[in-house]
Amino acid sequence: MVDVGRTVQAHTLEPVAASSNLLRRYLSRMELGPIVKGMRGAKVGVTMVSLQIAFTLAAVVNCYAIVSVVLTPILRDPGIDVENIIHVSNNGIGQRFNPRNTIEEDLRYLSSLPGVRAVTQIQAIPLSGSGWSTNLKTDPDETDTGINGAVYHVNENALDTFGVELIAGENFTFDDIIWNDQQSTINPASTLLTEQMAEALFPDLEPSEVVGKSVYSGNILLRVKGIIDMFPRPWNNEYMHRSYLLPRQNAWHNYLYVVRTEPGLSEQLIPVIEAGLVDSNRDRIIRNIAILKETARRSNAGNLTACLILIIVSISFVFVTTLGIIGLVNLNIKQRTKQIGIRRALGARKGDITRFFLLESSIICVIGIVAGCGLGVLINMVIVNEMGMDTLAWWVFGVGALFMVVLTLAASVAPAIRASMIPPASATRTV
Amino acid sequence: MILYYLRIAAISIKENPVLSGLMVLAIGAGIGMLMTMSAIAYSMFKNPIPEKADVLHRVLLDAGDPQNPPQDPDDVPFQVTYTDATNLMRLGTEFRQSIGHGVSATIESDDPEVYPTLELGRSTVSDFFTMFNAPFKYGGPWSRESAVAHDQVVVLSNELNKRHFGDVDSVGQIIVLNGLPVTVVGVMDEWEMIPRVYDMTSGPISSPEMFFVPFGWATEVELARSGNTNCWKPIDGNSRDEFLNSECVWLQLWVELTTTEEFEAYEQLLTNYTMDQKELGRFGRPLNNRVYTLDEWLTQRSRSSNAGVYILWAATAMFFVVCLLNSVGLLLAKIYGKTLSISIRRALGATKIDLAFQFFLESALVGILGGVLGLGIAYGGMGAIRKVMSSEPLIEQLTELDFQIVLIGIVVSILGSILAGLYPIWRACQTNISTQLKSN
């Protein structure tokens with residue numbers, strides 16, 4: 001009370017000195033001095049926990065970085081009707097096999113099946129993990145690499161087969177489709193770009209303005225006939241929908257069909273399709289027939305497993321470090337039982353004791369966070385180098401640090417409150 | 001004496017079930033996860049033919065796009081063109097070289113009831129089998145003369161031979177491949193090379209091939225390629241010859257070099273060849289050919305194509321370190337509770353060394369228990385991974401807990417536990433006996 005009076009007096013005469021006095025008094029009431037001195041006597045215990053906090057922050061922040069990059073494309077909507085799309089891989093055998101006749105017959109047969117909505121032949125399957133890609137340019141003489149796009153050779157039924165929408169321009173017509181065989185390639189004259197592809201190639205234009213423009217695949221000129229909303233690449237990574245379609249059908253010995261069924265009928269139709277194709281032509285093999293949803297799941301299995309492992313490791317880090325914090329605080333309290341008793345006997349309130357230990361934990365946590373941010377940035381640099389990702393944004397470290405503070409305080413609360421329960425009488429006990 | 005200390009150690013562990021349990025759990029979880037990732041990484045990146053580690057070399061030529069060089073000079077195209085592979089085979093006849101790539105073909109049966117199948121195989125040269133220690137059950141590779149003459153011959157895998165001919169010596173029999181009759185000249189024994197070092201284009205783990213055919217003949221009849229093809233220069237046509245003469249890279253080139261002189265001579269051959277090709281207008285980039293030993297190649301490929309596995313392993317290693325740090329704290333707490341018993345024992349004549357030895361034994365025991373728990377966790381982890389990735393080829397073999405890894409894991413667990421105990425045990429020995437005894 002005397003303090004307050006004196007402070008008020010000082011405040012009217014020397015504002016600056018008084019406010020620093022106030023700060024010093026507030027800090028000393030926070031007992032930072034005794035806390036730091038106390039920690040110097042228990043350097044090892046403090047270092048151990050600070051290191052654990054540092055490692056945990058660095059690890060969790062980087063695990064988040066990797067998982068968010070890898071998991072995002074997997075969890076995103078593929079944009080096509082994967083549940084109802086069946087893909088069939090075929091191979092013709094020997095010289096008797098006539099590719100073009102077989103393919104045209106098969107497509108007619110497949111589209112006539114009840115429950116089938118649309119069919120196309122294609123040369124690579126989206127989301128399957130294997131396919132083709134080419135770099136497209138807007139200027140054939142440009143020396144930079146261009147924009148990499150997954151390329152698909154389809155017919156005029158492709159949009160309906162995959163369930164994608166035209167957002168500008170027109171679809172291919174029957175007359176646009178060019179047939180190629182093993183001996184020759186005639187290049188089609190037009191292409192359908194996805195919106196993502198159009199944006200990458202013509203960043204300043206709206207999709208409707210890109211219609212009619214020319215793009216180049218090597219030296220081959222392609223006129224953009226239309227823009228579709230989405231079409232996933234075979235590989236599930238960052239630029240998931242940078243693809244383009246060519247109105248081209250290939251009469252080769254290996255060929256793929258994509259069949260879209262009415263909702264819910266895909267599983268029932270698989271044996272029907274398989275039997276029908278096999279019976280109609282003995283000069284070919286059905287190598288594989290599957291629902292696209294399952295194929296996509298398989299091609300993602302590796303990445304998903306890796307993410308799962310990282311998440312489990314992160315949770316384990318947090319769990320172990322929490323135990324470490326609880327352990328250290330408990331140990332501190334046990335070692336200082338007498339000290340606490342003395343302080344209480346001298347007039348410290350329960351709240352002061354609790355605050356003392358929470359403050360101590362916070363300081364350890366802050367040391368750990370600082371080290372953790374440094375370590376985390378170092379580790380992130382290595383990961384960015386190896387995996388070609390973007391560097392972590394600063395806010396992630398901030399959130400991570402906040403999380404560690406909350407964790408530390410939550411872990412320390414119960415022991416700190418138990419410490420405050422230590423009776424003043426323990427000061428006089430010799431046990 | 002040791003038995004006595006072990007008994008004390010066991011009693012001490014039982015007296016502090018919570019703290020000891022937490023220590024075992026911490027070390028066990030840490031070593032368990034580390035063992036899991038170590039076993040997987042080891043399977044994927046180990047050298048399956050260590051006897052050939054210094055002898056087999058992978059050859060890379062930088063005939064890439066001169067207008068778009070990569071940022072990293074180590075980023076050389078990992079396969080070679082048809083032109084370069086065949087030229088080098090021709091120019092380097094004094095060296096044992098092998099070119100190859102994956103193919104697929106239809107295999108028909110004589111039995112009309114049996115559906116034909118599509119199988120994955122390899123188009124390569126006869127030296128491939130000796131270079132990579134491929135085991136034969138019946139017959140052997142085709143001869144060089146056979147290859148030159150483009151004879152229609154094939155080496156079957158054990159599985160394809162069993163499926164087609166039963167488990168018998170089918171050498172001399174005919175099998176129909178892509179509609180063409182080929183003669184069996186050899187049948188291989190079981191050959192699961194993990195990782196499949198000679199061709200890792202679809203990752204280090206691939207199912208073994210079902211058949212092997214001579215490169216010259218396979219190219220002539222245009223067997224479908226299976227693998228990775230990369231063309232920086234657009235090709236104008238679609239014909240086979242236009243593709244073969246292009247700058248597309250799709251072949252793996254290996255050479256066996258045993259002495260330093262051979263190595264230098266081969267490097268000179270490559271340099272001379274590159275210079276000649278430069279005069280013809282190819283090889284626009286600066287000279288950057290690579291001749292990697294098998295070990296160097298495995299390190300290179302694993303880093304570039306499977307960095308993810310390394311990162312996962314590093315994460316589990318860091319976690320193990322955190323678990324050890326935790327152990328230190330737990331042991332400190334445990335020892336704090338024992339200061340009275342330590343003081344009494346010291347007063348009764350035990351030396352610091354006696355105490356230290358006993359405590360280290362206790363740490364070792366915790367380490368063993370942790371190691372065993374870790375083993376259980378690793379089995380569980382491998383089982384879970386196997387279930388999620390059940391569609392991957394050879395996942396069973398990949399998720400086997402290699403015995404070496406388990407042994408190393410338990411040793412690391414014991415050593416780690418002892419290391420974590422250094423400071424707490426030193427502190428225990430420094431206990432002030434008199435104050436401890438007086439305070440009671």
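Here is the naming used below: chain letters follow the sequence lines, and residue numbers restart at 1 for every chain. Predicted, not measured: the structure shown is a model, and the values here were computed from it.
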Could you tell me which non-hydrogen atom of [X] sits nearest to which non-hydrogen atom of [Y], and how far apart they are?
{"X": "B:M389", "Y": "A:A301", "answer": "SD-O, 3.8 Å"}
{"X": "A:R298", "Y": "B:E392", "answer": "O-OE2, 4.3 Å"}
{"X": "A:I93", "Y": "B:E108", "answer": "CG2-OE2, 2.9 Å"}
{"X": "B:M37", "Y": "A:I309", "answer": "SD-CD1, 4.0 Å"}
{"X": "A:G92", "Y": "B:T106", "answer": "O-CG2, 4.0 Å"}

Only pairs of heavy atoms separated by less than 4.5 Å count here; which of [options] has the most with chain A?
{"options": "B:I385, B:T316, B:L312, B:N178", "answer": "B:L312"}
{"options": "B:V321, B:L332, B:D65", "answer": "B:L332"}
{"options": "B:V176, B:N326, B:V309, B:N228", "answer": "B:N326"}

Which value, rounded to the nearest 0.5 Å, describes the distance between [X] atom [atom1] and [Y] atom [atom2]?
{"X": "A:I53", "Y": "B:L325", "atom1": "CD1", "atom2": "CG", "value": "11.5 Å"}
{"X": "A:T56", "Y": "B:F319", "atom1": "OG1", "atom2": "CZ", "value": "9.0 Å"}
{"X": "B:T117", "Y": "A:I286", "atom1": "OG1", "atom2": "CD1", "value": "13.0 Å"}
{"X": "B:N230", "Y": "A:S133", "atom1": "CG", "atom2": "OG", "value": "8.0 Å"}
{"X": "A:M48", "Y": "B:L324", "atom1": "CE", "atom2": "CG", "value": "10.0 Å"}
{"X": "B:I40", "Y": "A:T305", "atom1": "CD1", "atom2": "OG1", "value": "9.0 Å"}

Chain A contact via [X] - which portion, at a heavy-atom distance below 4.5 Å:
{"X": "B:A333", "result": "both"}
{"X": "B:V388", "result": "both"}
{"X": "B:A26", "result": "neither"}
{"X": "B:L330", "result": "neither"}
{"X": "B:L19", "result": "neither"}
{"X": "B:N68", "result": "side chain"}
{"X": "B:R427", "result": "side chain"}

Tell me, for [X] versus chain B, whether the close heavy atoms (under 4.5 Å) come from the side chain, the backbone, both or neither.
{"X": "A:I220", "value": "neither"}
{"X": "A:N135", "value": "neither"}
{"X": "A:W132", "value": "neither"}
{"X": "A:T321", "value": "both"}
{"X": "A:I66", "value": "side chain"}
{"X": "A:L328", "value": "neither"}
{"X": "A:V278", "value": "side chain"}

Is the [atom1] atom of [X] crowded by more than 12 outside heavy atoms at less than 6.0 Å?
{"X": "A:K293", "atom1": "NZ", "answer": "no"}
{"X": "B:W250", "atom1": "CH2", "answer": "yes"}
{"X": "A:N219", "atom1": "CG", "answer": "no"}

Main chain of A:K334, side chain of B:Y336: is a donor-acceptor contact present, judged purely on distance under 3.5 Å?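 Looks like yes, one N/O pair under 3.5 Å.
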
If you define the side chain from C-beta out and look only at heavy atoms, does anything of B:M318 sit under 4.5 Å from A:F317? yes

Check your understanding: Looking at A:I285, A:N254, A:N90, which one forms a side chain to side chain contact (heavy atoms under 4.5 Å, CB included) with B:L118?
Key ->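 Among the candidates, only A:I285 passes.
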
